[in-house]
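Everything on this sheet refers to the single structure shown next.
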Amino acid sequence: MCVQVVLAYGAESDKDLGIPGESLSGIYSAREFVWWYNGHPDYSCLKPDLKTSDSAVILGQGNVALDVARILLRPTTELASTDIATHALSALKESSIRKVYLIGRRGPVQAALTAKELREVLGIKNLHIRIKQTDLSVTPADEEEMKTSRARKRIYELLSKAAAAAKTSKADPDQRELHFVFFRQPDQFLESDERKGHVSGVNLQKTILESVGTGKQIAVGTGEFEDLNCSMVLKAIGYKSVPVNGLPFDHKKGVVPNVKGRVVSHTSGDISQTEPGLYVCGWLKRGPVGIIATNLYCAEETVGSISEDIEEGVWKSSKAGSKGLMQLLEKRKVKKVEFSGWEKIDAKEKQMGIERNKPREKLVTWEDLLAAAAN
Ligand code: NAP
């Protein structure tokens, strides 16, 4: 019999900056914030500080940074018809955050954004976009990057257009502001004098770009610093996968080492060291990059490897497969939810959503989820 196991548990931790003050309260990873507004049971009690000041800082300029900026800036009347968790919607209704600063250590040509996601944010009602004109000037190396990447050129054009449109629009006191701040890297977090242990801002170092060959430019500190005050910081600098005891893990790359989805024991990627029957897909296979479509292609590759191995009868197993797994879980008294239980949760959330005019109402405690699965 053939038994295959596919590791598909993604990236459930975060990269650290490793700078002073990172453990102050009021600093969250974007992942924690996303899990909070999406109703993850372990984060529904996060209570992010949305009421102390009018400013929030988001570190990083990728799509996750855009996602969290959108939640902070979109009118709550619009969020109400999405599947956002109710506790998050209530907190956002009371939020005093009016200014969101998206901080990038490189320039507008290097922002790790995609056009569709950027357009969505730029299109938020009653939102004033702020971009310094000087940050939009491009160097020959930037021109070169844009020549080789249409996507980068598109992002640069969208940002330039947004900056130009903002210059001609009238100021409205009710408007919220999204500041794209380029060429700044966080150096340390500042502690509030009034609230000990709480963040009151970020000290940023100005940067310039240096070419490192192959068309890439990296940010280098200039030794000039400035403070940016805020009461909340979201770190959106990338996710990180976590190892599982007994399974191969490449700590440097943060992935399970593999060749086309076949898990290998050593990080050298030597195919002869394949772990029989063990496969991997998604961010755990490639690292935390790529949109949903990227994951679809990635999964196809892994499924292709599984099919080839079955056809070629590469290995046989005496293990008991899913039946054996269920027996082991029973023996160890591990609580489990099978697919039929997941379907019941899905149906219940959708039903509750219909009653509230939204796509679904999330169940946000383990107790409620397990009760729905058992019904
Ligand atoms: P990301 O795209 O890798 O962006 C990370 C950002 O953090 C970059 O601006 C990066 O700057 C910056 N950064 C990294 N380390 C830093 C440091 N030490 N100091 C300062 N800045 C630092 O990661 P992500 O936003 O977490 O997104 C992960 C993947 O999910 C991406 O492929 C993204 O497109 C995808 N995603 C897609 C969607 C969607 O399609 N709707 C939504 C969310 C996420 P540098 O470029 O200088 O390294």
Discussion item. Let's go through E120 and K116 carefully: what are the C-alpha distance in whole Å and the side-chain angles of both, what is the deciding distance for salt bridge (charged side-chain N to carboxylate O under 4.0 Å, His left out) to 0.1 Å, and is it a yes or a no?
Written reply: CA-CA 6 Å; E120 269 172 35; K116 179 175 164 279; 3.6 Å; yes
Practice prompt. Decide if atom NZ of K348 counts as having more than 12 heavy atoms of other residues, nucleotides or ligands within a radius under 6.0 Å.
Written response: no
Worksheet item: Between V303 and V280, is there a shared hydrophobic cluster once you connect ILVMFWY residues whose side-chain heavy atoms come closer than 4.5 Å?
Response: no
Item to complete: Spell out, as yes or no, whether a donor-acceptor pair under 3.5 Å connects the side chain of S44 to the backbone of V364.
Response: yes
Discussion item. Looking at every non-hydrogen atom in both residues, tell me the closest pair between I155 and P108 and how far apart they are.
Written reply: CG2-O, 4.1 Å
Fill in: Evaluation steps, side chain to side chain donor-acceptor pair (under 3.5 Å), between T82 and R74
CA-CA 12 Å; T82 70; R74 213 172 142 190; 5.9 Å; no
Worksheet entry | Heavy-atom side-chain proximity of I103 to L228 below 4.5 angstrom | yes
Fill in: side chain to side chain contact (heavy atoms under 4.5 Å, CB included) between C230 and Y101, intermediate numbers included
CA-CA 9 Å; C230 65; Y101 295 84; over 6 Å; no
Worksheet entry | Point-to-point distance, once rounded to the nearest 0.5 Å, from CD1 of I306 to NZ of K260 | 14.0 Å
Fill in: Enclosure of K196 NZ (heavy-atom neighbours >12, cutoff 6.0 Å)
yes
Worksheet entry | Any side-chain heavy-atom pair of V263 and L247 under 4.5 Å | no
Practice prompt. Evaluate the ring planes of W342 and F339, with Trp represented by its six-membered ring, and classify them as parallel (under 30°), tilted (30 to 60°) or perpendicular (over 60°).
Written response: parallel
Worksheet item: How far apart are the C-alpha atoms of F249 and L284, what are their side-chain angles, what is the distance that settles it, and do they pass the side chain to side chain contact (heavy atoms under 4.5 Å, CB included) test?
Response: CA-CA 10 Å; F249 196 77; L284 189 59; 4.3 Å; yes
Worksheet, complete the sentence: One should read off an interatomic distance between L89 CG and T77 OG1, to the nearest 0.5 angstrom, of 9.5 Å
Fill in: Intermediate values then yes/no, side chain to side chain contact (heavy atoms under 4.5 Å, CB included), K336 and L325
CA-CA 11 Å; K336 60 184 188 313; L325 174 68; over 6 Å; no
Fill in: Pair T294-R286, side-chain donor/acceptor within less than 3.5 Å
no
Discussion item. Closer than 3.5 angstrom, by distance alone: can the side chain of S241 be matched with the main-chain N or O of G10 as a donor-acceptor pair?
Written reply: yes
Worksheet item: Between K99 (side chain) and H179 (backbone), is there a donor-acceptor pair under 3.5 Å?
Response: no
Fill in: Approximate separation, where rounding is to 0.5 Å, of L73 CG and H128 NE2
13.0 Å
Worksheet item: Crowded around K335 NZ? As in, over 12 foreign heavy atoms under 6.0 Å?
Response: no
Discussion item. In the structure I gave you, are the side-chain heavy atoms of E355 and E361 within less than 4.5 Å of one another anywhere?
Written reply: no
Discussion item. Would you say I58 ends up clustered with L46 if hydrophobic residues are merged whenever their side chains have heavy atoms under 4.5 Å apart, either directly or through other cluster members?
Written reply: yes
Worksheet item: Is there a side-chain contact between V199 and Y28 (heavy atoms, below 4.5 Å)?
Response: no
Discussion item. Taking atom NZ as the centre, does K153 end up with more than 12 heavy-atom neighbours from other residues, nucleotides or ligands that are less than 6.0 angstrom away?
Written reply: no
Discussion item. Keeping H198 on the side-chain end and S231 on the backbone end, is there a donor-acceptor pair under 3.5 Å?
Written reply: yes
Practice prompt. Evaluate the side-chain proximity of L159 to L118: yes if any heavy-atom separation is below 4.5 Å, no if none is.
Written response: yes
Discussion item. Does any part of the side chain of Y37, heavy atoms only, come nearer than 4.5 Å to the side chain of D67, both counted from C-beta?
Written reply: yes
Discussion item. Strictly distance-based, threshold 3.5 Å: is any side-chain N or O of K240 a donor or acceptor partner for the main-chain N or O of D16?
Written reply: no
Worksheet item: When hydrophobic residues are tied together by side-chain contacts of less than 4.5 Å, even through go-betweens, does L79 share a cluster with M232?
Response: yes
Item to complete: Would you indicate whether E367, at its atom CD, is surrounded by more than 12 heavy atoms from other residues, nucleotides or ligands within a distance under 6.0 Å?
Response: no
Response to the item:
Closest non-hydrogen contact found for I27 with E22 is CD1-O, 3.9 Å
Fill in: Polar side chain donor-acceptor pair, Y156 to D142, under 3.5 angstrom
no
Item to complete: Could you grab the distance from atom CG of L59 to atom CG of L234, nearest 0.5 Å is fine?
Response: 8.5 Å
Fill in: Side-chain donor or acceptor of D368 paired with backbone N/O of L363 under 3.5 Å
no
Discussion item. I need the single residue from V264, V5, V256, V6 that forms a side-chain contact (heavy atoms from CB on, under 4.5 Å) with L278. Which is it?
Written reply: V5
Discussion item. Is it the case that the side chain of S81 and the backbone of E78 share a donor-acceptor pair, with hydrogens and angles ignored and the cut-off at 3.5 Å?
Written reply: yes
Worksheet item: Looking at R152 and A111, what are the two nearest heavy atoms and their distance?
Response: NH1-O, 3.9 Å
Discussion item. Do L122 and V64 sit in one hydrophobic cluster, given that two such residues count as connected whenever their side-chain heavy atoms are within less than 4.5 Å of each other, even indirectly?
Written reply: yes
Discussion item. Is the ring pair F182/F180 parallel, tilted or perpendicular, if the boundaries are 30 and 60 degrees?
Written reply: parallel
Fill in: Donor on one side chain, acceptor on other, N63 and T114, under 3.5 Å
yes
Worksheet item: Closest heavy-atom contact between G39 and H87?
Response: CA-CE1, 4.1 Å
Discussion item. Does any part of the side chain of E349, heavy atoms only, come nearer than 4.5 Å to the side chain of K362, both counted from C-beta?
Written reply: yes
Worksheet item: Going from CD1 on I292 to SG on C298, what distance comes out if it is rounded to the nearest 0.5 angstrom?
Response: 13.5 Å
Worksheet, complete the sentence: Shortest non-hydrogen pair, L72 vs R176, comes out as O-NH1, 3.1 Å
Practice prompt. Could you state whether L24 and I97 fall into the same hydrophobic cluster, counting links through intermediate Ile, Leu, Val, Met, Phe, Trp or Tyr residues with side-chain heavy atoms under 4.5 angstrom apart?
Written response: no
Worksheet item: Do the side chain of S29 and the main chain of K235 share a donor and acceptor less than 3.5 angstrom apart?
Response: no
Discussion item. Can you tell me how the ring of W283 sits relative to the ring of Y239, calling it parallel under 30°, perpendicular over 60° and tilted otherwise?
Written reply: perpendicular
Worksheet item: What is the distance from atom CG of L66 to atom CZ of R119, rounded to the nearest 0.5 Å?
Response: 12.5 Å
Item to complete: Take E117 and R70, measure what salt bridge (charged side-chain N to carboxylate O under 4.0 Å, His left out) needs, and give me the verdict at the end.
Response: CA-CA 10 Å; E117 283 62 35; R70 184 171 37 189; over 6 Å; no
Fill in: Heavy-atom donor-acceptor pair, T222 side chain to K206 backbone, under 3.5 Å
yes
Practice prompt. Take D309 and R262 through the test side chain to side chain contact (heavy atoms under 4.5 Å, CB included) and record every step on the way to the result.
Written response: CA-CA 10 Å; D309 291 352; R262 294 180 180 94; 3.0 Å; yes
Fill in: Cationic N near anionic O, under 4.0 Å, E12 to R31
no
Discussion item. Do W366 and D42 make a side-chain contact, defined as non-hydrogen atoms from C-beta onward lying under 4.5 Å apart?
Written reply: yes
Item to complete: Return yes if some donor-acceptor pair links the side-chain N/O of Q61 with the main-chain N/O of A112 below 3.5 Å, else return no.
Response: no
Worksheet item: Looking only at heavy atoms, which two atoms of G62 and L113 are closest? And how far apart?
Response: O-CD2, 3.4 Å
